[in-house]
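Atom set for the values below is all heavy atoms of this structure, side chains included, hydrogens, waters and symmetry mates excluded. When a ligand or atom number is given, it counts from 1 through the structure's own listing order.
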Amino acid sequence: MAGEPQTDCLFCRIVTGEIPATIVRESDTTVAFRDINPQAPTHVLVIPKAHYPDAAALAAAEPQIAADVLREAGLVAADEGIVGSGYRIILNTGTGAGQTVFHAHAHVMGGRGMQWPPG
Ligand code: 5GP
Ligand code: ZN
C-alpha cells in the first residue's frame with residue numbers, strides 16, 4: 001500500500017529507530033534529524049514517517065503530510081535561530097539533481113551565506 005514502510009529504506013529505518021539519528025523535532029507525521037554529512041552550520045532533514053520516493057509523490061498522495069513537512073521545516077529554522085539570516089528548504093528530486101535517498105525529505109540549510117544559482 002502507498003506510504004507503507006520499506007525494510008530496505010534508510011529513512012524508514014530512522015523512523016522506526018532501527019538506525020540512530022540526532023532527532024531535533026518530531027510530529028505525528030514527520031521526523032526531523034541532523035544530516036550525517038552537514039553542508040552548512042544548520043543542516044537538518046525533515047521527512048514524512050510514511051514512505052514516498054520523493055516530495056512530488058508525497059504531495060500527490062498525501063498533501064496534508066507534504067504541508068506538515070514544510071511547516072516542520074519552518075519550525076526547525078525557528079528552533080535553529082536562522083529565520084532572520086535566511087535559510088533554504090531543498091527538495092532534491094531524481095539522481096540528476098543529487099537525490100541519493102529515495103524517501104521524501106526536505107533539507108533545511110542555513111547559518112552561512114548561500115549562492116544563487118545552486119550548483
Ligand atoms: P539527498 O542527496 O537524497 O537529497 O539527501 C540525502 C541526505 O541524507 C544527504 O545529505 C546525506 O548526507 C544524508 N544521509 C545519508 N545517510 C544518512 C544517515 O544514515 N543518517 C543521516 N542523519 N543522514 C544521512
Ligand atoms: Zn522510506
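Linking ILVMFWY residues whenever their side-chain heavy atoms come closer than 4.5 Å, directly or via other members, leaves Ile47 and Val76 in distinct clusters. Tyr87 and Met109 fall into different hydrophobic clusters, where Ile, Leu, Val, Met, Phe, Trp and Tyr side chains are chained together by heavy-atom contacts under 4.5 Å. Note: the hydrophobic cluster containing Leu10 also contains Ile23 (ILVMFWY, side chain heavy atoms under 4.5 Å, direct or indirect links). In the hydrophobic cluster analysis, where Ile, Leu, Val, Met, Phe, Trp and Tyr join through side-chain heavy atoms closer than 4.5 angstrom, Val24 is grouped together with Ile89. Hydrophobic clustering of Ile, Leu, Val, Met, Phe, Trp and Tyr side chains at less than 4.5 Å, counting indirect connections, keeps Leu75 apart from Val44.
Ligand 1 has Gly98 within reach: a non-hydrogen atom of the residue lies less than 4.0 Å from it. Heavy atoms of Ile19 come nearer than 4.0 angstrom to ligand 1 in no pair at all. Not a single heavy atom of Gln39 sits less than 4.0 Å from an atom of ligand 1. Distances from ligand 1 to the non-hydrogen atoms of Phe11 include at least one value under 4.0 Å.
Closest approach of Tyr52 to Ala61, counting heavy atoms only: CE2-CB, 3.4 Å.
We find that Glu80 and Arg34 are joined by a salt bridge, their nearest charged nitrogen and carboxylate oxygen being less than 4.0 Å apart.
Ligand 1 has a nitrogen or oxygen under 3.5 angstrom from a nitrogen or oxygen of Asp35. At a 3.5 angstrom cut-off on N or O pairs, Leu45 does not count as close to ligand 1. At a 3.5 angstrom cut-off on N or O pairs, Ile36 counts as close to ligand 1. Considering backbone and side-chain atoms alike, Gln99 places every N or O at 3.5 Å or more from each N or O of ligand 1. Checked by distance only, ligand 1 and Ile14 stay at 3.5 Å or farther apart across all their nitrogen or oxygen atoms.
Listed by chain and number, the protein N, O or S atoms at a distance under 2.8 Å from the Zn ion (ligand 2) are Cys9 SG, Cys12 SG, His51 ND1, His103 ND1.
His107 has its ring centre less than 6.0 Å from the ring centre of His105.
In this structure, the side chain of Gln99 engages the main chain of Val101 through a donor-acceptor pair within 3.5 Å. Formation of a donor-acceptor pair under 3.5 Å by the Ser27 side chain with backbone atoms of Arg25 is not found in this model.
Interface of Asn37 with ligand 1, defined as ligand atoms under 4.0 Å from a residue heavy atom, comprises 12 (O). Every atom of ligand 1 with a heavy atom of Asn92 under 4.0 Å away is listed here by number and element: 4 (O).
At least one side-chain heavy atom of Pro48 sits less than 4.5 Å from a side-chain heavy atom of His103. The shortest side-chain heavy-atom distance between Phe33 and Ile14 falls under the 4.5 Å cut-off. Inter-residue side-chain proximity for Leu45 and Phe11 is flagged as met; some heavy-atom pair is nearer than 4.5 Å.
Protein heavy atom in closest approach to atom 22 (N) of ligand 1: Arg34 O, 2.9 Å. Atom 3 (O) of ligand 1 has Thr100 N, 2.7 Å as its closest protein atom, hydrogens excluded (heavy atom only). With respect to atom 5 (O) of ligand 1, the closest heavy atom belonging to the protein is His105 NE2, 3.0 Å.
The heavy atom nearest to atom 16 (N) of ligand 1, considering only Asp54, Leu10, Thr22, Ile23, is found in Leu10.
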